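Before any comments, here is the structure.
In this text, all values refer to a predicted model and were calculated from it rather than measured experimentally.
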Amino acid sequence: ICHEFTIIKIDNSFNTVTIAGATINGYLNPTLDIQWQSMTIKSDGTIYVITWGWLLNMTNVPGVMHKMQEIICGAASFITFSNLNINLDKIYVIHCVIKNADAAPHNMRILINGDSTVTNYHSQRYTVAAGVIAAVPVANDPVFTDIAAAGGNDGCYSVINVMLDIRGNARIMANSCDNIAANVKVDNAAITYNIVQANITSITIQIASPTSIVGSQFILLRLNRYG
């Protein structure tokens, strides 16, 4: 007798739905990770196979980047992605469209596991503006780019990659496109978090000032954990 079941994740929390104790399409204990993700499975009395959803709708194909969360910043100077688990997710990629609400330019920082002690980080940056390459000296500060004062040139687009190395140090690579038109600038940064961690459970993006980054958009992706 064939038994068919449909499992659906109905909420938008970080909690996963785990089909525990089952091997389905060769995967042990598969999960549903995002709201309305679903899996329909059928048993032939011995094994379960997926008849619709999950792998078949490309949500969980190995190697595909998977959207975890999107934040539109309100009147705040930072945003935080929490309830993370890099041991499972392997790689985090954050796409940022940042706006500065202040009349002065400011640096942007990335913080790991809530640690705001900037001397626990090292960063090396170089920029290209008006055809000129300039290196920024190594600093004890997790700055990945700077953003112009509010106005026509204050937009910044950044892509940030976060991994945990074999020693347990977070490694961060960020590529940013700052300003617009003739003022466009490339800003690349390599950052290490020097405190050994067993896991990365939160990532914070912060403007280095109590000013607001209202209207800024942040999208967190992870590498698919299967495969």
Apart from Val132 itself, what residues make up its hydrophobic cluster, given side-chain heavy atom links below 4.5 Å? none
Side chain to side chain donor-acceptor pair (under 3.5 Å) partners of Thr6, counting only residues at least two apart: Thr40
Ile112 side chain near Ile203 side chain, heavy-atom distance below 4.5 Å: yes
Connected to Val128, directly or through other members, by ILVMFWY side-chain contacts below 4.5 Å are Tyr126, Ile133, Val186
Under a side-chain separation threshold of 4.5 Å, the hydrophobic residues clustered together with Ile166 are none
Would you say that Arg222 contacts Leu220 through its side chain, given a criterion of any heavy-atom pair below 4.5 Å between the two side chains? no
Please table the atom pairs, donor to acceptor, closer than 3.5 Å between any side-chain atom in residues 210-217 and protein atoms at least two apart or in another chain.
unit_1 : atom_1 : unit_2 : atom_2 : d
Ser212 : OG     : Val214 : N      : 2.9
Ser216 : OG     : Lys99  : N      : 2.8
Ser216 : OG     : Lys99  : O      : 3.4
Ser216 : OG     : Ile213 : O      : 2.8
Gln217 : NE2    : Glu70  : OE2    : 2.6

Sequence-distant partners of Thr192, side chain to side chain donor-acceptor pair (under 3.5 Å), two or more places apart: Asn194
With Ser82 via side chain to side chain donor-acceptor pair (under 3.5 Å) - residues at least two apart: none
Name all pairs fulfilling the salt bridge (charged side-chain N to carboxylate O under 4.0 Å, His left out) condition that reach into residues 6-25, sequence neighbours left out, sorted by first residue then second. Lys9-Asp11
Tracing side-chain links under 4.5 Å among I, L, V, M, F, W and Y, which residues wind up in one group with Phe78? none
Sequence neighbours excluded, every pair satisfying salt bridge (charged side-chain N to carboxylate O under 4.0 Å, His left out) that has a member inside residues 104-124: Arg109-Asp141
Quick one: salt bridge (charged side-chain N to carboxylate O under 4.0 Å, His left out) pairs with a partner in residues 121-137, sequence neighbours left out? Arg125-Asp146, Arg125-Asp187
According to the salt bridge (charged side-chain N to carboxylate O under 4.0 Å, His left out) rule, which pairs have a member within residues 189-214, sequence neighbours left out? none
